[in-house]
2 protein chains.
Amino acid sequence: MIGPVALNLSIEVVPFAIRAERLEVLLTRRPTGWRLPGGPLEGVENLDAAARRHLTDQTGFGGAYLEQLYTFGRPEAAGGLAVTVAYYALVSCGALAVDPAADGRARMEWSSLAALPDLLQDHAGIAALAHRRLASKLAYSTIALQLMPERFTLTELQAVNETILGEILDKRNFRKRILALDCIEATGETARRGGHRPAQLYRAKRPGQVDFIK
Amino acid sequence: MIGPVALNLSIEVVPFAIRAERLEVLLTRRPTGWRLPGGPLEGVENLDAAARRHLTDQTGFGGAYLEQLYTFGRPEAAGGLAVTVAYYALVSCGALAVDPAADGRARMEWSSLAALPDLLQDHAGIAALAHRRLASKLAYSTIALQLMPERFTLTELQAVNETILGEILDKRNFRKRILALDCIEATGETARRGGHRPAQLYRAKRPGQVDFIK
DNA sequence: CCACAATAGTGTAGAATCAACACTAATATA
DNA sequence: TATATTAGTGTTGATTCTACACTATTGTGG
C-alpha cells in the first residue's frame, strides 16, 4: 500500500576507516558527482540488511560494523518526499589491507573527513553527524575496537582514539583505562616494526561486539 | 518517484509523562486495539513535523519535547515494506494538568509502562526502547527537566529521576549534582503543600532546551 | 660491535569526584 | 502545644582522574 505522498526511501552509509593516522570516509563516484555509498531499497528487505548490501556492493567492505545513525525527511523538487535512513560503518584496518577487487563497482575513494569534496544533497552533514556520534561513543563504549585489525598494539589503539577525538591522550592513563575495561587481551606475540623495542600485540576479547562501559 | 517496492511509511510517538509517581505512556484506542499515537505521513512534511502533528491531533499534547528514537523496517503480509520512524515525547506535568479537550480525537489513555496492554505490531518494543534511551540520557543531559512543570521543587525533580531509573537516589548528593549543573534557578517562591516545611520552587534556566553535561 | 635513534612499557602523588550518612527547620493539624 | 511530615544542609573516606619521566628493547649505521 502506498501513502498519499510519493516516497523515495534511500539508505546512506558513512563508511569510516583510519588511514595514515587520519579519519577518512569512503565515497563513491556517480555521474552526478561524489556521494556516500547507498541508494534505494530493493524489494522487501530489512533496513540493516539494505545498508549492508549497499556497502558490500558499492565498496566491498561488507564485513564492517554497521549502526543506524538518523533518519531524515527532505521535500523533493518533484513534490515527493525523500526519506533517508543514514548508517555509519567502521571498517577495520585489517579489512583495508586487502584491496576489495572493485570489479564492476562504482569508482570509490577515501577522503579525509576534514576535506570532503562537494557531496550529493546533505551527505556532508550526515558525515559530520556520524563523526560526532562516533566521537561521543568512544567515551562510553568499546566501539574503537571495530576500527582495529585483528591484532594491534596499544599504541595503535591510542592513535585511533586520538585521531577521532582530535586530541592527544596520555599514554599511561590510556593504557590503564583500556586494560581496566577488560575488553582486550594480550596475544603473547610481539610486533617487530622498525628500529625499536617490539610492542605486545593485543586482540579484542569479543570481536564484533561493542560493550558499553560504566 | 516511487521505488520498486510498496512502501508504507509511518511515524509513531511514545509519549511519556510522570503520573502519580509512575512513568506512563499515552496510548490511543483504534478499532483494532491500543496503539501508540502516530500514523502515516500526510503530504510532504518534515518527519519531526509529522510526529508533532500526530501527537497534537491525537492527544492534544503538542507542546511536548520530541526526539527521534529509531527507524524500523518490517515486511508486511501484503508484500510491501512498513517503515516506522519512532519518536519519543516528554509531556510535562504542567501540560498534563490542563485536560486537552479531546474533541473528535481518538480515545486515549495513560498506561503504566510496566503494564502495557497488548499493542499493535511492535509498539511495546518501541516503548521499551524509548524507556532505555530516556534512562540513559538522564545520566548525561538535563532531559528530565522536560517532564517537569514550569516550577517545581527539588524533591519533585528527584522523584522523577528515581521513577525513570527505578532506583532511589541520595537526597543530598542529588541536590549537589543538580545545582552544580547550573541548569535550574530558584524562583524565590515556595510551595506550601501539606503539613510541613514549604519547599523552594525552581525553574529551568533554559526551558525547552536539553543540555549535555560533562 | 658500539653508539644512537626510536618506540614500548611502567608507577606515583596530588586533585577532583563520588558515595555514604543524620540531624535541624518550617509548616499543618489535632 | 505536641506531633507528624517533608525541606534543607556538610563532612569524611573511598575512588577515580590527571599530570608527569624514566628504563627497556630493538634496528641501523658508523
Side-chain angles (χ1 to χ4, degrees), chain A residues 18 20-21 93 135-136 138-142 144 148-149 151-163 165-203 211-214, chain B residues 18 20-21 93 135-136 138-142 144 148-149 151-163 165-203 211-214:
Chain A
I18 301 288
E21 309 263 309
C93 304
S136 76
L138 283 190
Y140 63 88
S141 79
T142 61
M148 306 305 296
R151 284 149 196 242
F152 53 87
T153 69
L154 289 179
T155 298
E156 289 162 353
L157 181 57
Q158 181 177 345
V160 167
N161 275 264
E162 289 173 337
T163 298
L165 293 174
E167 60 182 314
I168 64 166
L169 303 172
D170 179 86
K171 190 207 271 194
R172 279 172 287 192
N173 293 339
F174 177 80
R175 287 168 181 237
K176 264 178 295 184
R177 209 192 79 221
I178 292 295
L179 293 174
L181 292 183
D182 191 41
C183 60
I184 63 175
E185 59 194 356
T187 62
E189 297 165 90
T190 55
R192 275 176 243 81
R193 295 170 190 160
H196 54 81
R197 175 171 176 176
Q200 279 286 326
L201 284 169
Y202 288 79
R203 71 173 146 242
D211 300 325
F212 290 80
I213 53 196
K214 263 222 232 167
Chain B
I18 301 287
E21 308 264 309
C93 304
S136 76
L138 283 189
Y140 63 91
S141 80
T142 62
M148 306 304 296
R151 284 149 195 242
F152 52 88
T153 69
L154 289 180
T155 298
E156 288 163 354
L157 181 57
Q158 181 178 344
V160 166
N161 275 264
E162 290 173 337
T163 298
L165 292 175
E167 60 182 316
I168 64 167
L169 304 172
D170 179 86
K171 190 205 274 196
R172 280 172 289 192
N173 293 339
F174 178 80
R175 286 167 182 238
K176 264 179 293 184
R177 209 192 78 220
I178 291 295
L179 293 174
L181 293 182
D182 191 40
C183 60
I184 63 175
E185 60 192 356
T187 62
E189 296 166 89
T190 56
R192 271 175 245 84
R193 295 169 189 160
H196 54 81
R197 175 171 175 176
Q200 279 285 326
L201 284 169
Y202 288 79
R203 71 173 147 241
D211 300 324
F212 291 79
I213 53 196
K214 261 223 235 165

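Within every chain, numbering begins at 1; the chains are lettered A, B, ... in the order of the sequence lines, protein sequences first and strands thereafter.
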Do the side chain of B:Lys176 and the base of D:dT11 come within less than 3.5 angstrom through a donor-acceptor pair of N or O atoms? yes
[X] [atom1] to [N] [atom2], straight-line distance once rounded to whole Å:
X	N	atom1	atom2	value
B:Phe174	C:dA20	CZ	P	16 Å
B:Tyr202	D:dA7	OH	C1'	10 Å
B:Ile178	D:dT9	CD1	C1'	17 Å
B:Glu156	D:dG8	CD	P	10 Å
A:Lys214	C:dT17	NZ	P	12 Å
B:Arg192	D:dG8	CZ	P	13 Å

Is the phosphate of [N] approached by [X] (side-chain N or O, under 4.0 Å from OP1 or OP2)?
X	N	value
A:Thr155	C:dT7	no
B:Arg172	D:dG10	no
B:Arg193	D:dT6	no

Residue closer to the 5' end of DNA chain D, A:Arg197 versus B:His196 (nearest nucleotide): B:His196
Taking B:Gln158 for its side chain and B:Leu169 for its backbone only, find out whether a donor-acceptor pair lies under 3.5 Å. yes
Name the residue from A:Thr187, A:Leu154, A:Leu157 that meets the side chain to side chain contact (heavy atoms under 4.5 Å, CB included) definition with A:Tyr202. A:Leu154
Would you classify A:Arg177 as touching base, sugar-phosphate or nothing, given that sugar-phosphate means primed atoms plus P, OP1 and OP2, and contacts are heavy atoms under 4.0 Å? nothing
Taking NZ, NE, NH1 and NH2 as the nitrogens, is one of them in A:Glu156 or A:Arg193 under 4.0 Å from a carboxylate oxygen of the other? yes
